[in-house]
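Below: the structure, in structure tokens.
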There are 2 protein chains.
Amino acid sequence: MTRPPTSAERALGTLRELIMGGELAPGARLGEVELADRLGVSRTPVREALSRLAAEGLVEVVANRGARVATWTVAELEGVFDLRSVLEPQLTAHAVPNAGPGDVDELDALARRMHEVGAPGPAQDLDALVPLNRAFHDRLVTLAAHPTLAAALAAAIHPPIVRRNFLTYDEESLRRSLAHHTEIVAAVRAGDPAWARAVMTSHIANARAVMVRAARLQATAHPQEETA
Amino acid sequence: MTRPPTSAERALGTLRELIMGGELAPGARLGEVELADRLGVSRTPVREALSRLAAEGLVEVVANRGARVATWTVAELEGVFDLRSVLEPQLTAHAVPNAGPGDVDELDALARRMHEVGAPGPAQDLDALVPLNRAFHDRLVTLAAHPTLAAALAAAIHPPIVRRNFLTYDEESLRRSLAHHTEIVAAVRAGDPAWARAVMTSHIANARAVMVRAARLQATAHPQEETA
DNA sequence: TCCCCGGTGATTGCATGCAAGTTAGGGGTC
DNA sequence: GACCCCTAACTTGCATGCAATCACCGGGGA
């Protein structure tokens, strides 16, 4: 019997989705009464949700001045990728010995589908890549069976960065990214943790280059954007 | 002008210290009214503090059944050291190029004082090692100037593990640990990030072995301890 | 004797009310 | 005309009250 979620939990989840989904832009003000009305609850569970989101780093609270959706600088973005570049290769290496034939097949299927929808041409569908990519990485994290590392990684990715991502990939970087997935499958199939770790390191480095470039462009295009 | 801390912040800090300091043992029940009375505030800031501590992993809340101080298994303890063993060497490597001569001298002084109070004999004072060790590691983290990695590390160490630690070191491991500090200073002075990273990796591995052994002993000695 | 069930006390979850702090705007002064 | 101060509306922070849920415990039945 599943436990009915409390109002605070629903508020937490809803706010997380609103922020991660981009409906609440970075810097947007988060008034307690406004959110309470919007979610149909009182201010108490909203306060609790905001407090926890602040602990997660998704929102920033400035005592007596309310909460805003967290903003991030290019330096912070690079910091997040530094963290991913140590955690995710390690998790991948942990995953290798735990992957059975069925797991390898599933990863392989995901990688192939990503090639299908990601290949340039009329069938290209970049939006479909996002859930596939997430499924691929989540599968590896699950296989690693390492809750502590997984939690640290989840906390790192929280800053809503990976959200609208594949749109910013240039063609060469995208091709590289897809090839990385395929190569990771090969490394896992070969049972070689060091190989898998190395490919994942490259994978993150590639993503880092793409995201940092995009963030720099956006920073110069819209300096000091303040979404009220 | 320093901002006077809010009641919720004080509750958060006090509870953190009580838990990290061991005055609230793992598994201890945390009643809202009891804590509110103890801290001289109402239940609202206590709830907020508990919620944030839960997000940090220091306490566990079971819907409608209140909060308890988080407990950890040996496997989770090992997981935390896995995380430290990727994060802290990386941070140390980052710190090396940022360390000026003054920083090296301070690290050196800390390492020397740890040798003084840690050497076996009548002058040995293991309790004095804890703050010195903390100061040493904190100095390196600060020098790394990498908030994201530092935050991830802080979140990892939270489980109150490092608390009463040096008492569990056997003589050989303690000697190794002190030697590591000295060698890290040498590596930083030499400006060699790879060296510093390698020593820190050994340092964490040594600590991991000590803590895991101690935890295993304690687990067999007091299985299922429930401090009410 | 053991198991199941209903009552009771305590605890959590949430809503609301009040006070302190903050921000915005207008009037006064230089 | 520019600057400063002061007032007012709004927002946050906290306390308190009430309903829902849960753990504990004694009694009845198998």
Side-chain angles (χ1 to χ4, degrees), chain A residues 1-16 18-19 24-71 224 226-228, chain B residues 1-16 18-19 24-71 224 226-228:
Chain A
M1 180 160 149
T2 69
R3 198 149 300 284
T6 67
S7 297
E9 286 170 353
R10 272 186 294 117
L12 182 63
T14 305
L15 280 177
R16 237 202 300 256
L18 284 175
I19 295 173
L24 290 171
R29 220 176 153 296
L30 299 170
E32 294 183 359
V33 279
E34 174 198 340
L35 293 176
D37 291 346
R38 188 166 177 173
L39 300 177
V41 295
S42 88
R43 283 173 46 215
T44 307
V46 171
R47 279 182 65 79
E48 184 167 336
L50 286 177
S51 182
R52 297 192 57 164
L53 288 173
E56 293 178 15
L58 267 181
V59 313
E60 296 164 339
V61 292
V62 222
N64 276 338
R65 292 185 51 184
R68 310 181 84 90
V69 179
T71 59
Q224 308 265 5
E226 275 290 327
T227 310
Chain B
M1 175 164 147
T2 69
R3 196 150 301 284
T6 67
S7 297
E9 286 169 354
R10 272 185 295 116
L12 182 64
T14 305
L15 280 176
R16 239 201 297 255
L18 285 176
I19 295 173
L24 290 171
R29 220 180 153 293
L30 299 171
E32 295 183 358
V33 279
E34 173 199 342
L35 293 175
D37 291 346
R38 188 166 177 173
L39 301 176
V41 295
S42 88
R43 283 172 46 217
T44 308
V46 171
R47 281 183 63 81
E48 184 167 337
L50 286 177
S51 181
R52 296 191 58 164
L53 288 173
E56 294 178 13
L58 268 180
V59 312
E60 298 163 339
V61 291
V62 219
N64 274 339
R65 292 185 48 184
R68 310 181 84 89
V69 179
T71 59
Q224 309 263 5
E226 274 291 327
T227 309

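The chains referred to below are lettered A, B, ... by the order of the sequence lines, with proteins before strands, and numbering in each begins at 1. Being a predicted model, the structure only gives us computed values, none of them experimental.
Atoms CG (A:L39) and C1' (C:dA15) sit 15 Å apart, rounded to a whole Å. A straight line from CD of A:E9 to P of C:dT12 spans 15 Å, rounded to a whole angstrom. Between the CD atom of A:E48 and the C1' atom of D:dT12 there is a distance of 17 Å, rounded to whole Å. Residue A:L12 contributes atom CG, which lies 15 Å from atom C1' of C:dG13 at whole-angstrom precision. Between the CG atom of B:L30 and the P atom of C:dA10 there is a distance of 20 Å, rounded to whole Å. Atom C1' of nucleotide C:dA10 and atom CD of B:E32 are separated by 12 Å, given to the nearest angstrom. Taking atom CZ of residue B:R68 and atom C1' of nucleotide D:dC22, one finds them 14 Å apart after rounding to whole Å.
With C:dC14, C:dG21, D:dT11 as the choices, the nucleotide that has an atom nearest any side-chain atom of A:N64 turns out to be C:dG21. Of the candidate nucleotides D:dG13, D:dA15, C:dG13, D:dA15 has the atom nearest to the side chain of B:V41.
Each of A:R10 and A:R43 was assigned the nucleotide of DNA chain C with the nearest heavy atom; the assignment lying further toward the 5' end belongs to A:R10. Toward the 5′ end of DNA chain D lies the nearest nucleotide of B:S7, the other residue of the pair B:R65 and B:S7 mapping further downstream. Closest-nucleotide positions on DNA chain C for A:T44 and B:G66 were compared, and the one nearer the 5' end corresponds to B:G66.
Between A:R47 and D:dG13 there is a side-chain N or O to OP1 or OP2 distance below 4.0 Å. For C:dA15, one of the phosphate oxygens OP1 or OP2 lies less than 4.0 angstrom from a side-chain nitrogen or oxygen of A:S42.
With respect to A:R16 and A:E56, a salt bridge is recorded, a charged nitrogen being found less than 4.0 Å from a carboxylate O.
Residues B:L18 and B:R38 meet the side-chain proximity criterion, which asks for heavy atoms closer than 4.5 Å. A 4.5 Å side-chain heavy-atom check between B:L35 and B:L50 finds at least one atom pair inside the cut-off.
Using a 3.5 Å distance cut-off with no hydrogens or angles, the side chains of B:T44 and B:R47 do not pair a donor with an acceptor.
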